[in-house]
Undergrad: 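Have a look at this one.
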Amino acid sequence: MLEKAYAPEAVESKWIEAWKRADLFHSEPDPGGKKSYTIVIPPPNVTGALHMGHALNNTLQDVLVRYHRLTGREACWVPGTDHGGIATQNVMEKQLKAEGVTRQQLGRGKFLDRMQDWVRECKSTILGQLTRLGCGLDFGREAFTMDEARAKAVHYAFKKFYEEGLVYRGERMVNWCVRCGTALSDIEVEFEEKKGHLWHMRYPLKDDPKRFLTVATTRPETMLGDTAVAVHPKDERYADWVGKELSLPLTGHALTVVADEHVDRAFGTGAVKVTPFHDPNDFEIWQRHEREMPAPRQVIGLDGKMTDEAGAYAGLPREEARKKIVADLEALAGADGEPILEKTEAYKHSVGTCYRCNQPIEPLVSEQWFMKMEAVAEKAVAAVDDGRFTIYPESWKKPYRDWLVNIRDWCLSRQIWWGHRIPVWYDADILADRIRVSVEHGGVVVKGTLREALDAGVPFETVRDAGRYRYESGGKAAGGALRVGAEIPEEGRWLQDQDVLDTWFSSALWPLSVFGWPEKTEDFKFYYPTSVLVTGYEILYLWVARMQMMGLHFEGTVPFHHAVMHGIVRDKRGKKMSKSLGNVIDPLVVMDKYGTDATRFALASLAYPGKDIPFAEDSITGPRNFANKIWNLTRFVLDYALKNETPPAGGYSLDSLDRGSLELADRWILSRYEETAEAVRASMAGYNIAAAADALYGFLWDEFCDWYVELSKSGLDDAARLPVIRAILVQVLTGSLKMLHPFMPYITEELYENLRAYAGESADFVLRAGAPAPEGWKDPGSVASMGVVMDAVRSLRALRAQLNVPPALKIKAFHSGDEAELRALAPHAGYVRHLARLEALEAAANGRPAQSATAVSRKLTFFVPLAGVIDFDRERTRLTKEIARVAKELEKCRKQLTNASFLERAPVDEVDKIRARQDEFESMHSSLAATLESLGES
RNA sequence: GGGCCGUUGGCGCAGUGGUAGCGCGCUCCCUUGACAUGGGAGAGGUCAUAGGUUCAAAUCCUAUACGGCCCACCA
């Protein structure tokens, strides 16, 4: 016996255990057998617990995996986690800060040990949460982006790229995050509109200090590094200034006026200051005009403080320096006695910020590892163009393609400790003068070149282990000075690059590396390329594009055929969930309160392709109620229809039924069941998971429960009907539960266990039972006929409700109207009696009985004698309103049918449809009008 | 500056050419023998605006307005 209400907790833990014991989600390569269906999880970062976005992402994947397993594919869903680079290191640094320690104080080795502990803890939290969410992951395949197997793939890829000349080291302008202390790639910078100021400054001409060139800046602190002022080559206003020397206010540094196409003549004065080392565009201008201007100066350091080059401002944090410089400028007058600071405007502009810590990015020149992307990106463009790779929904294709076409080189190195250390070793003997170290030896910190450190007696091992050295090439590395890809070079004094790789580099290899690549393992051969990747659109470029490029470059195949991009889980008002807004919903809390199945169903049914998901607690009450609904539906079938009798051998099967002798309702529900299955299949094939969920919800609740189950009740005492009803209830319910299983795995598993013997099945799990076989039988006529019955019932119920007939009061009804429709309805009069709670339904032999109300439905009229109950004023109002409605519809039909071009050009079917509709409305209208008239007389 | 998406009842959303739907909320009635996490009946929308195509437009086209996102990046 099932409980009266569905209580998720016990059911969930029961099946979590059972699935685990049976290793239900395990997959083995089955070459030549079942076709693989593979998904690799977007590995969550080991930064903490999972949020609603993860719940959505993994629900969608689990729906797909379970669905395809049900349909007979060898489904494999690979679990894993991502080391998460900067994000994770930041989490640890916060922890350390709370303890009053910095990572530098701890040292690289100990810091990494701490990280490993944290990772272990975090992984188990995450995997536990995924388990709780019901995810059918093949847990034996758990991977981590920084474990040994993945490291192998990373080293292989890096080395290969290096050998192919795609990976190189160079000194370039990069996006530097002062807070995180590392370079970032271009896509890791987020631009935010911020309110700031535009300061207009006058730079005097050196030979004639009373003449000025006015330039504007949003970052006055960079002026200390100015080496030029640029004007447009065709700008006549400044034609005679080009080549002249200016003098930088505050410091007196010399600047040259250069002509460069980049300058927008229409902006401001048309003259722009040039700070080569602190602005990407200025850097480019410098490269084009290097010979024409003084040597660039780096005035802001990697620590965000002004360098020694900043003279009087050295040592100040950049923000402080800005304030001081503005103040100093304000106090400064030119040779003409007018202020140097011409004006200050409020100005809105976009500021690049770090996607991990949200602090302003500092463009700085630094030496980093880069990857050339153009050739690799071309392969990805080709794959999306020729259909080897498809993005769902398709609207993401264009942005994806555009990004690839305009791709720029990828800055691979990060100046953090947590990550895959770059697999490059430098020959210390050769580069001793260019490797700078900062190493503690005998309580003294030795700073200088490696040679100096070795001369001072610091053992080489100490330098290597300390890991705080820096290779400064100042140009190209000499041949033989560096080795790539080897774990530990076999001889010599080798120092590994101190930087780590962008976390996305190992992520990019994920679909390859989880199957043992670069080895051509059995797993790899069977599961790769994977079927589909499901992820949020916010990492389309960061991750999806890069995986495509890696897969295509190394294996010549796409790593996944389809990518499903889902939206972001937001709050009900469309705001992104964030701790600072306090609108975060914790999936665990929700699952505890409403059940996992309800949570999953809510997410799945809200996830229309490509749309963000507005989510609030009340999004889950519907699905929670739905779970309870199917629970009680099953309870009805078991306790009332089957009376908990011992199941017959083979169960109640549909095969034993003679389709020809089925009643209308039977044929109708079987047809609708079949149509629902078709709708689910179609929706799933197009990754419209929400639509599939909707179809099941509507079928089970609005059709099966509200109509078929209600009708079945009257047949349960009929010995002839009982076996038929039982078979249909059991089979339609069991099949529906199977279809629902990918969405609500726990409750369907529990209910299936209770039903399976009656269904003639013995599988221990739904997934092993397989999808319901298509009936291949439908009776479209039954759907139409059932519509007539349903409308009749609805009209009678409406009459009862609107005239306040007590629900318990059994009433009599007489029908009249169109002969053909009456004949059609006659065999199903019992349905109407039952559902409209009539004690009798008879022909109205003598027209409208006195003291009766009237219900019309299509071409049928029902008279309900209600002497003593009826309120005729109320009835008149009701009829008048109904007549008005019908008249309006009738008018619409008339209009169309008197429209010559409609009759001429519309398809015949359409015209016939309108004619039939007109017929119906005419019949309703005359019947209603007649009743109203006779009421008026009485 | 370029691109994409959206604008449908109070709220959140489906619906891609033929009588406007769903969930929540709201009103009224009902402890009817699965379920009150339920049942029944309702109210509520000129489908952002203006043109156009078509026999027929929420649906296709064009423009506009508003909202959101992405990319580029503006000194």
Side-chain angles (χ1 to χ4, degrees), chain A residues 2 4-6 186-187 191 198 215-219 222 230 262-264 266-275 279-282 347 349-350 352 393 395-399 402-403 406 537-538 540-541 567-568 572-574 594 598 602 605-606 608 610-616 618-619 621-641 688 690-691 694 697-698 702 705-706 709-710 713 716 793-794 797-802 804-808 835-837 888-889 892-893 896 899-907 909-911 913-914 917 921:
Chain A
L2 300 176
K4 190 172 173 184
Y6 174 53
D186 293 330
I187 35 177
F191 286 90
L198 193 57
V215 296
T217 183
T218 55
R219 304 195 56 200
T222 63
H262 171 261
V263 179
D264 176 2
F267 188 93
T269 57
V272 54
K273 70 189 220 33
V274 178
T275 320
D279 181 277
N281 289 312
D282 293 2
Y347 190 69
H349 62 130
S350 69
S395 51
W396 282 109
K397 179 179 168 176
K398 190 176 153 58
D402 288 351
W403 185 79
N406 298 310
Y537 58 71
E538 70 272 19
L540 180 61
Y541 313 128
I568 294 166
K572 251 312 162 38
R573 281 177 309 182
Y594 298 92
S605 59
L606 287 167
Y608 280 90
K611 297 256 179 151
D612 283 348
I613 286 122
F615 195 86
D618 64 22
S619 311
T621 56
R624 188 267 316 262
N625 297 350
F626 179 54
N628 191 57
K629 187 79 181 173
I630 61 168
W631 180 265
N632 280 289
L633 163 63
T634 308
R635 213 159 66 93
F636 166 77
V637 171
L638 291 171
D639 297 353
Y640 292 83
N688 194 342
D694 277 356
Y697 182 97
D702 301 337
C705 286
D706 285 354
V709 167
E710 286 312 313
K713 289 175 181 172
L716 293 178
V793 170
R794 285 192 195 105
R797 282 172 172 171
L799 179 151
R800 295 186 67 125
Q802 284 156 24
N804 283 342
V805 178
L835 295 172
R837 303 186 64 77
K888 217 170 119 192
E889 295 299 332
K892 270 206 279 199
C893 293
Q896 268 193 295
N899 183 343
S901 47
F902 171 71
L903 296 171
E904 216 171 283
R905 306 202 187 197
D909 284 359
E910 192 54 34
V911 177
K913 228 164 81 184
I914 303 291
R917 195 184 300 159
F921 282 126

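Per chain, numbering begins at 1; letters A, B, ... match sequence-line order.
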Undergrad: Distance check needed: B:U19 P versus A:Gln896 CD, whole Å only.
TA: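 Interatomic distance, CD of A:Gln896 to P of B:U19: 9 Å.
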Undergrad: Which comes earlier along RNA chain B counting from the 5' end, the contact point of A:Val263 or that of A:Asn406, where each point is its nearest nucleotide?
TA: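 It is A:Asn406, whose closest nucleotide lies nearer the 5' terminus.
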Undergrad: A:Phe267 near the nucleic acid: base, sugar-phosphate alone, or nothing, with a heavy-atom cut-off under 4.0 Å?
TA: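 Since a base atom lies under 4.0 Å of A:Phe267, the category is base.
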Undergrad: Using a cut-off of 4.0 Å on non-hydrogen atoms, how would the nucleic acid contact of A:Arg624 be classed: base, sugar-phosphate, or nothing?
TA: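 Touches a base.
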Undergrad: Nearest to the side chain of A:Arg635, which nucleotide is it out of B:U19, B:U37, B:C35?
TA: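 Given the options B:U19, B:U37, B:C35, the side chain of A:Arg635 is closest to B:C35.
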Undergrad: Looking at every strand, decide which applies to A:Tyr608 at a 4.0 Å heavy-atom threshold: base, sugar-phosphate, or nothing.
TA: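 Sugar-phosphate contact only - A:Tyr608 comes under 4.0 Å of backbone atoms but never of a base.
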Undergrad: Should A:Arg219 and A:Asp279 count as an ion pair when the cut-off is N to O under 4.0 Å?
TA: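 Looking at A:Arg219 and A:Asp279, the cut-off is not met.
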Undergrad: Using a 4.0 Å heavy-atom cut-off across all strands, classify A:Asp694 as base, sugar-phosphate, or nothing.
TA: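 Contact class for A:Asp694: none.
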Undergrad: Using a 4.0 Å heavy-atom cut-off, does A:Glu710 contact any base of the nucleic acid, only the sugar-phosphate backbone, or nothing at all?
TA: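 Counting heavy atoms under 4.0 Å across all strands, the contact made by A:Glu710 includes a base.
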Undergrad: With heavy atoms under 4.0 Å as the rule, sort A:Pro907 into base, sugar-phosphate or nothing.
TA: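 Contact class for A:Pro907: base.
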Undergrad: With heavy atoms under 4.0 Å as the rule, sort A:Tyr347 into base, sugar-phosphate or nothing.
TA: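 Here A:Tyr347 touches the backbone only, sparing every base.
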Undergrad: Between A:Leu903 and A:His349, name the one whose nearest nucleotide on RNA chain B is closer to the 5' end.
TA: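 Result: A:Leu903.
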Undergrad: Is a donor-acceptor pair below 3.5 Å formed from side chain A:Lys4 to base B:A34, judging by atom type as modelled?
TA: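 No.
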Undergrad: A:Thr218 near the nucleic acid: base, sugar-phosphate alone, or nothing, with a heavy-atom cut-off under 4.0 Å?
TA: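 Sugar-phosphate, backbone atoms only, no base.
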Undergrad: What integer distance in Å separates A:Ile613:CD1 from B:G12:P?
TA: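 After rounding, the reported distance stands at 16 Å.
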Undergrad: Categorize A:Ala798 for me: base, sugar-phosphate, or nothing, with a 4.0 angstrom heavy-atom threshold over every strand shown.
TA: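 Answer is sugar-phosphate: A:Ala798 comes under 4.0 Å of backbone atoms only.
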Undergrad: May I ask you to say what A:Lys611 touches in the nucleic acid, namely base, sugar-phosphate or nothing, with a heavy-atom cut-off under 4.0 Å?
TA: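 It contacts sugar-phosphate atoms only.
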Undergrad: Which of the following nucleotides, B:C29, B:A41, B:U19, is nearest to the side chain of A:Lys892?
TA: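 The answer is B:U19, which lies nearest to the side chain.
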Undergrad: Using only modelled atom types and a 3.5 angstrom limit, is any donor from either the side chain of A:Lys629 or the base of B:C35 paired with an acceptor on the other?
TA: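 Pair found.
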Undergrad: Of the nucleotides B:A41, B:C55, B:A34, which has the atom closest to the A:Ala801 side chain?
TA: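 Closest nucleotide to the A:Ala801 side chain: B:A41.
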Undergrad: Rounding to an integer number of Å, can you tell me how far A:Asp402 CG sits from B:G3 P?
TA: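 Roughly 10 Å, once rounded to whole Å.
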Undergrad: Remember a base hit wins even if backbone is also touched, and classify A:Pro399 as base, sugar-phosphate or nothing at under 4.0 Å, heavy atoms.
TA: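 Nothing: the residue A:Pro399, judged by heavy atoms under 4.0 Å, touches no strand.
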Undergrad: Can you tell me which nucleotide in B:C55, B:U19, B:A41 comes closest to the side chain of A:Lys913?
TA: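 From the listed options, B:U19 comes nearest.
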Undergrad: Between A:Asp402 and A:Lys398, does at least one N-O distance fall below 4.0 Å, as a salt bridge requires?
TA: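 Salt bridge between A:Asp402 and A:Lys398, a charged N being under 4.0 Å from a carboxylate O: yes.
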Undergrad: Got a second to check how far A:Gln896's CD is from A:Glu910's CD, nearest 0.5 Å?
TA: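 If we round to the nearest 0.5 Å, A:Gln896:CD and A:Glu910:CD are 7.0 Å apart.
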Undergrad: The side chain of A:Asn628 is closest to which nucleotide in this list: B:C55, B:C35, B:A41?
TA: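 Nearest nucleotide to the side chain: B:C35.
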Undergrad: Answer yes or no on whether A:Lys713 is positioned over the face of A:Phe636, meaning its NZ or CZ is under 6.0 Å from the six-membered ring centre and within 45° of the axis.
TA: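 That pair qualifies as a cation-pi contact.
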Undergrad: Side chain of A:Asn625: nearest nucleotide among B:G3, B:A34, B:G38?
TA: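 Looking only at side-chain atoms, A:Asn625 lies closest to B:G38.
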Undergrad: Can you identify which nucleotide, out of B:U37, B:C55, B:A34, has its nearest atom closest to the A:Phe636 side chain?
TA: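 Given the options B:U37, B:C55, B:A34, the side chain of A:Phe636 is closest to B:A34.
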Undergrad: Between the side chains of A:Asp186 and A:Tyr541, is a donor N or O closer than 3.5 angstrom to an acceptor N or O?
TA: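 No, no side-chain donor-acceptor contact under 3.5 Å.
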Undergrad: Please state how far atom CG in A:Asp639 lies from atom C1' in B:C35, giving the value in whole angstrom units.
TA: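 Whole-Å distance recorded here is 12 Å.
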Undergrad: Ignoring the backbone of A:Phe902, work out which of B:G3, B:G42, B:C55 is nearest its side chain.
TA: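 For A:Phe902, the side-chain atoms sit closest to B:C55.
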Undergrad: Just how far is it from atom NZ of A:Lys273 to atom OG1 of A:Thr222, taken to the nearest 0.5 Å?
TA: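 Output value for this atom pair is 3.0 Å.
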Undergrad: Pick base, sugar-phosphate or nothing for A:Tyr6, based on heavy-atom distances below 4.0 Å to the nucleic acid.
TA: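 Nothing: the residue A:Tyr6, judged by heavy atoms under 4.0 Å, touches no strand.
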Undergrad: Base, sugar-phosphate or nothing for A:Val274? Non-hydrogen atoms, less than 4.0 Å.
TA: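 Touches nothing.
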Undergrad: If you round to the nearest 0.5 Å, how far is CG of A:Leu540 from CH2 of A:Trp396?
TA: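 So the CH2 of A:Trp396 and the CG of A:Leu540 are separated by 6.5 Å.
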Undergrad: Measure from the side-chain heavy atoms of A:Asp706 and tell me the nearest of B:A34, B:G39, B:C55.
TA: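 For A:Asp706, the side-chain atoms sit closest to B:G39.
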Undergrad: Which is true for A:Glu910 with a 4.0 Å heavy-atom rule: it touches a base, it touches only sugar-phosphate, or it touches nothing?
TA: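 Base, at least one base heavy atom under 4.0 Å.
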